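Structure record follows, encoded as structure tokens.
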2 protein chains.
Amino acid sequence: MTQAIGVAARLSGVTIETIRYYEREGVVPKAARSVSGRRVYDKDAITRLRFVKRCRELGFPLSEIRSLLDLYGDASGNCDEVRIIGANNLKLVQEKIADLRSMEAALKTLVVSCKSGGKDCPMLKDLFAD
Amino acid sequence: MTQAIGVAARLSGVTIETIRYYEREGVVPKAARSVSGRRVYDKDAITRLRFVKRCRELGFPLSEIRSLLDLYGDASGNCDEVRIIGANNLKLVQEKIADLRSMEAALKTLVVSCKSGGKDCPMLKDLFAD
DNA sequence: TCTTGCTCCTGTAGTCACTACAGGAATTAT
DNA sequence: ATAATTCCTGTAGTGACTACAGGAGCAAGA
């Protein structure tokens with residue numbers, strides 16, 4: 001059984017526009033077409049879309065999702081490569097967290113310093129200081 | 001004393017290209033020009049650029065930095081509005097941290113499950129599951 | 001059968017905050 | 001005087017979408 005793009009979107013959690021975008025970018029293979037030219041998706045194609053969705057939720061960029069899909073296609077032992085890609089992404093995610101946490105700390109201090117009602121805002125003053 | 005754009009870039013930490021971009025986008029006012037048409041920056045202009053840099057490091061989008069610069073220009077009591085903008089941004093930063101932390105947790109589990117050498121990668125299997 | 005309304009198609013442009021040229025003019029250093 | 005550096009404008013590219021415009025196909029009810 002094959003499904004139209006709207007159904008594939010609902011089942012995978014990827015919007016129609018984004019599915020078409022992924023196809024254009026070669027993240028997923030080109031969808032099969034009906035007689036009238038509409039895209040049709042079988043079980044495997046929908047599974048692939050759901051995989052891409054999950055990878056995006058884990059922060060993988062599309063370029064690495066392409067690699068991951070290729071590795072799944074390979075029959076050979078691929079776990080090493082997958083682990084490297086995963087560990088790499090984990091490191092990037094942790095770096096982003098660290099950046100955001102220092103932002104958060106600085107912002108907290110500034111917002112707290114910024115008491116209501118004053119004329120010269122201490123937060124702005126701080127940000128404008130030499 | 002006024003400085004060329006290269007000096008302003010060094011003193012503010014904003015690259016030349018980005019300074020011109022900020023001007024195009026109206027984040028900072030249009031720079032004064034020398035006789036030959038080159039941009040020149042006085043102390044205030046460089047202070048403004050440094051302010052923008054710091055705000056970017058705190059995660060403020062350019063649209064809000066524009067507002068913040070406007071509020072600094074106003075003589076009236078602006079602390080309330082600044083605090084609202086700051087608190088808003090703090091909330092967004094905290095949401096991003098929360099998202100990244102759940103990514104991190106899920107990724108950690110997956111990467112650990114992905115032992116070296118196996119043929120069927122458990123991480124890929126997980127991501128492909130129904 | 002006709003019509004209404006939904007889904008789908010392609011192609012293009014916009015988002016955000018830059019970054020990277022290309023091709024030329026002016027300034028500074030040797 | 002010449003060479004090296006800096007600066008100018010304008011345009012296009014990045015990542016991962018999102019939002020149309022303008023048109024075609026399809027399914028269900030009257």
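This structure is a prediction, so every number in the text was calculated from the model and none was measured.
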Discussion item. Strictly below 4.0 Å, N to O, side chains only: are B:Arg50 and A:Asp130 in salt-bridge contact?
Written reply: yes

Discussion item. Within the 4.0 Å heavy-atom criterion, would you say B:Arg56 contacts the bases, only the backbone, or no part of the nucleic acid?
Written reply: sugar-phosphate

Worksheet item: If you pin A:Ala4 and B:Val35 to their nearest nucleotides in DNA chain C, which one's is more 5'?
Response: A:Ala4

Practice prompt. Could you go through the salt bridge (charged side-chain N to carboxylate O under 4.0 Å, His left out) check for B:Asp99 and B:Lys96 one step at a time?
Written response: CA-CA 5 Å; B:Asp99 281 1; B:Lys96 278 187 198 158; over 6 Å; no

Item to complete: Ignoring backbone atoms, establish whether B:Arg39 has a side-chain N or O less than 4.0 Å from OP1 or OP2 of D:dT9.
Response: yes

Worksheet entry | B:Leu62 CG to C:dT15 C1', straight-line distance once rounded to whole Å | 12 Å

Item to complete: For D:dT9, take OP1 and OP2 only and decide whether either is under 4.0 Å from a side-chain N or O of B:Arg33.
Response: yes

Could you tabulate the donor-acceptor pairs under 3.5 Å formed by side-chain atoms of residues 37-46 of chain B, not counting sequence neighbours?
unit_1, atom_1, unit_2, atom_2, d
B:Arg39, NE, B:Glu23, OE1, 3.0
B:Asp42, OD1, B:Asp44, N, 3.3
B:Asp42, OD1, B:Ala45, N, 2.9

Worksheet, complete the sentence: In whole angstroms, the gap separating C1' of D:dC7 from CD1 of B:Ile16 amounts to 8 Å

Worksheet, complete the sentence: Rounded to whole Å, CG of A:Leu49 lies from P of D:dC17 at a distance of 12 Å

Worksheet item: Taking atom C1' of C:dT10 as reference, at what distance in whole Å does atom CD1 of A:Ile5 sit?
Response: 12 Å

Discussion item. From CZ of A:Arg24 over to P of D:dA19, roughly how many Å is that when rounded to an integer?
Written reply: 14 Å

Worksheet item: Can B:Leu71 be reached from A:Leu107 by stepping across I, L, V, M, F, W or Y side chains whose heavy atoms are under 4.5 Å apart?
Response: yes

Discussion item. If you count heavy atoms of other groups shown closer than 6.0 angstrom to CZ of B:Arg66, is the number above 12?
Written reply: yes

Worksheet item: Below 4.0 angstrom from OP1 or OP2 of D:dC26, is there any side-chain N or O of A:Ser36?
Response: yes

Worksheet entry | Below 4.0 Å: OP1/OP2 of D:dT18 and any side-chain N or O of A:Thr18 | yes

Worksheet entry | Value in whole Å for how far the C1' atom of D:dA16 lies from CD of A:Glu17 | 13 Å

Practice prompt. Would you indicate, yes or no, if C:dA17 has its OP1 or OP2 atom less than 4.0 angstrom from a side-chain nitrogen or oxygen of B:Arg66?
Written response: no

Discussion item. So, under a plain 3.5 Å distance rule, would you say the side chain of B:Arg38 forms a donor-acceptor pair with the base of C:dT27?
Written reply: no

Discussion item. Strictly below 4.0 Å: does A:Arg20 bring a side-chain N or O up to OP1 or OP2 of C:dC9?
Written reply: yes

Worksheet item: Quick one: A:Glu25 CD to D:dG13 P, roughly how many Å, whole number?
Response: 13 Å

Worksheet entry | OP1 or OP2 of C:dC18 under 4.0 Å from side-chain N/O of B:Tyr22 | yes

Worksheet item: In whole angstroms, how far is the P atom of D:dT6 from the CD1 atom of B:Ile19?
Response: 14 Å

